[in-house]
Amino acid sequence: MALGETAQGRKGPVEFASNLVIHAMIGAAMLVPYRYRVPMAGWIVSRVVAPLAGYSKRVKDNLAYVRPDLPPAEVKRLMRAVPDNAGRTLIEIYSGQDFTSRFSHAPLTGAGVTALEKAHAEKRPVVLVTGHFGNYDAPRAALIAKGFNVGALYREMNNGYFNDHYVAAISQVGTPVFPRGRRGLSGLIKFLRAGNMGGFLIDQYMFDGADLTFFGKVAPTALSAAELALKYDALVVPTYGIRQPNGLDFEVICEAPIEHGTPQAMTQALNDSLEALARQHMDQWFWIHRRWKPEQAELRRRSGKSVG
């Protein structure tokens, strides 16, 4: 994930009440068998939560900004399919062994698998980079199941009560996990330098990020993953968990390593990698994110944060 200091989650009456509702919904879903639980969560988020929370409109607005060529029928489909995938992803992460056991016999695919095995044998650090695509924790679960040591940075939730059980949930997928910020970065660096693998999400808007592109539009992007890889001579491997047609299983792809160069060139290559896959599976990238925020372009320019 992108690096940078983040404020600790809030814990007030509103957050407490909100968390009670969310926790109750997750707890109720966990009573349902996994094969029904996952599609049920997708249905609830896509049909109930997304329209009320404005996620459906955000999907539509993002698509209008970068893919105005899409037919209206496809936009309408994605307004349902994208939140459905997000809902499935959330409940999968909370499902612990029900989720991770699906990777015990699933093969890793792609040109980067051999490079990962070689780095693991040589104790060379590896920076794994993915995005909010498919299930972004599927690569971590799959690699851990194959015996790799994988840590990850996570963004602390604004709701402190929700954050407490969210961290417990992602820790069930595997440990260690590190909170975004100075403390977490220090822990991750120590973990990487010991010859392990660290996972990053690259597709979050960063106000002070570099002016790189995603889907042909400026998308401010953190250079942190590439900078760490250069500093510690780490391999950089794009990894993705592609949800399969049954809605429950994944193909985990490890692409060929990104060549070392400038942080900007490396990060743009990572953006391009994710974009190529998102174009193939439009319903699996999280279009509910405010990835571009063009309304902040002038503010970034005036503040000197707009950089190439």
So, T221 side chain and A219 main chain: donor-acceptor pair closer than 3.5 Å or not? yes
Is there a donor-acceptor pair under 3.5 Å between the side chain of E92 and the backbone N or O of F99? no
Between L270 and L274, is a side-chain contact (heavy atoms from CB on, under 4.5 Å) present by the stated rule, with each step listed? CA-CA 6 Å; L270 291 165; L274 177 58; over 6 Å; no
Would you please say whether a donor-acceptor pair under 3.5 Å links the side chains of Q268 and D272? yes
Please check this pair: side chain of D283 against backbone of L78, looking for a donor-acceptor N/O pair closer than 3.5 Å. no
Are R67 and R279 side-chain neighbours, meaning at least one heavy-atom pair lies under 4.5 Å? yes
For Y154 and E156: C-alpha separation, side-chain torsions, deciding distance, then whether side-chain contact (heavy atoms from CB on, under 4.5 Å) applies. CA-CA 6 Å; Y154 68 91; E156 292 183 288; 3.7 Å; yes
Side chains of N85 and Q284 only: does a donor on one sit below 3.5 Å from an acceptor on the other? no
Which atom names give the shortest non-hydrogen contact between L108 and A142, and what distance separates them? CD2-CB, 3.8 Å
Counting neighbours of CZ on R193 that are heavy atoms of other residues, nucleotides or ligands and sit closer than 6.0 Å, is the number greater than 12? no
Would you find a donor on one side and an acceptor on the other, under 3.5 Å apart, between the side chain of S303 and the backbone of L299? yes
Using modelled atom types only, decide if a donor and an acceptor are shared between the side chain of S186 and the backbone of R183 within a distance under 3.5 Å. no
Single hit among F286, W285, F133 for side chain to side chain contact (heavy atoms under 4.5 Å, CB included) with D203: W285
Counting distance only, does the side-chain N/O of N62 pair as donor-acceptor with the main-chain N or O of H289 below 3.5 Å? yes
To the nearest 0.5 angstrom, please state how far the CG atom of D249 sits from the CD atom of E251. 11.5 Å
Test ring-ring contact (aromatic ring centres under 6.0 Å, His included) applied to H120 - qualifying residues, sequence neighbours left out: F148
Backbone of V252 reached by a side-chain donor or acceptor of T109 within 3.5 Å: yes
Tell me whether Q204 contacts the main-chain N or O of I202 through its side chain, where contact means a donor paired with an acceptor under 3.5 Å. no
With a 6.0 Å cut-off (strictly less than), is the heavy-atom count around NZ of K123, excluding the residue itself, greater than 12? yes
Could you go through L235 and V127, starting from their C-alpha distance and side-chain angles, then the distance that decides it, and tell me whether this counts as side-chain contact (heavy atoms from CB on, under 4.5 Å)? CA-CA 6 Å; L235 201 66; V127 170; over 6 Å; no
So, are D137 and R140 salt-bridged, with charged N and O less than 4.0 Å apart? yes
If we only count heavy atoms from C-beta on, is the F200 to L188 side-chain gap below 4.5 Å? yes
I'd like to know if the side chain of S95 reaches the main chain of I91, judged simply by a donor and an acceptor atom lying under 3.5 Å from each other, with no hydrogens or angles considered. yes
R243 side chain vs F250 backbone, donor-acceptor pair below 3.5 Å: no
Surrounding CZ of R77 (heavy atoms of other residues, nucleotides or ligands, distance under 6.0 Å), is the total greater than 12? yes
Quick check on K146: does its NZ atom have over 12 non-hydrogen neighbours (other residues, nucleotides or ligands) under 6.0 Å away? yes
Under 3.5 Å, is there a donor-acceptor pair between the T239 and E255 side chains? no
So does K293 have more than 12 non-hydrogen atoms from other groups sitting under 6.0 Å from NZ? yes
Is it the case that atom CZ in F178 sees more than 12 heavy atoms from other parts of the structure closer than 6.0 Å? yes
Between G174 and V177, which heavy-atom pair has the shortest distance, and what is it? O-CG1, 3.7 Å
When you look at E295 and R300, which way does the salt bridge (Lys or Arg N to Asp or Glu O under 4.0 Å) test go after all the steps? CA-CA 10 Å; E295 72 280 1; R300 292 181 69 244; over 6 Å; no
Report the distance from atom CG of L212 to atom OG1 of T267, rounding to the nearest 0.5 Å. 6.0 Å
Looking only at heavy atoms, what is the nearest atom pair of T262 and A265, with distance? OG1-N, 3.0 Å
Do K231 and E227 sit within salt-bridge range, that is, some charged N less than 4.0 Å from a carboxylate O? no
Using a 4.5 Å cut-off on heavy atoms from C-beta on, say whether the side chain of I242 contacts that of I253. yes
Are any non-hydrogen side-chain atoms of H260 and D233 less than 4.5 angstrom apart? yes
Does Y240 reach the side chain of S273, with side-chain heavy atoms less than 4.5 Å apart? yes
For the residue pair M282 and L63, establish whether any side-chain heavy-atom pair is separated by less than 4.5 Å. yes
Taking the six-membered ring for Trp, is the centroid-to-centroid distance between Y65 and W287 below 6.0 Å? no
Would you say the side-chain atoms of Y205 and Q296 include a donor-acceptor pair closer than 3.5 Å? yes
Rounding to 0.5 Å, atoms CG (L128) and CE (M197) come to a distance of 6.0 Å
Is the shortest heavy-atom distance from the side chain of D84 to the side chain of V45 under 4.5 Å? no
Within the supplied structure, the quantity of interest is the number of heavy atoms (other residues, nucleotides, ligands) at a distance under 6.0 Å from Q97 CD; does it exceed 12? no
Taking all non-hydrogen atoms of both residues into account, name the closest pair between A145 and F103 and its distance. CB-O, 3.7 Å
Does a donor on one side chain sit under 3.5 Å from an acceptor on the other, for S46 and R88? no
Between P139 and G241, the two heavy atoms sitting closest are CG-N, 3.6 Å
Starting from the C-alpha separation in whole Å, work towards a yes-or-no answer on side-chain contact (heavy atoms from CB on, under 4.5 Å) for V236 and V126. CA-CA 6 Å; V236 181; V126 177; over 6 Å; no
In terms of heavy-atom contacts, Y232 and P125 come closest through O-CG, 3.9 Å
Does Q280, at its CD atom, have more than 12 non-hydrogen atoms belonging to other residues, nucleotides or ligands within less than 6.0 Å? yes
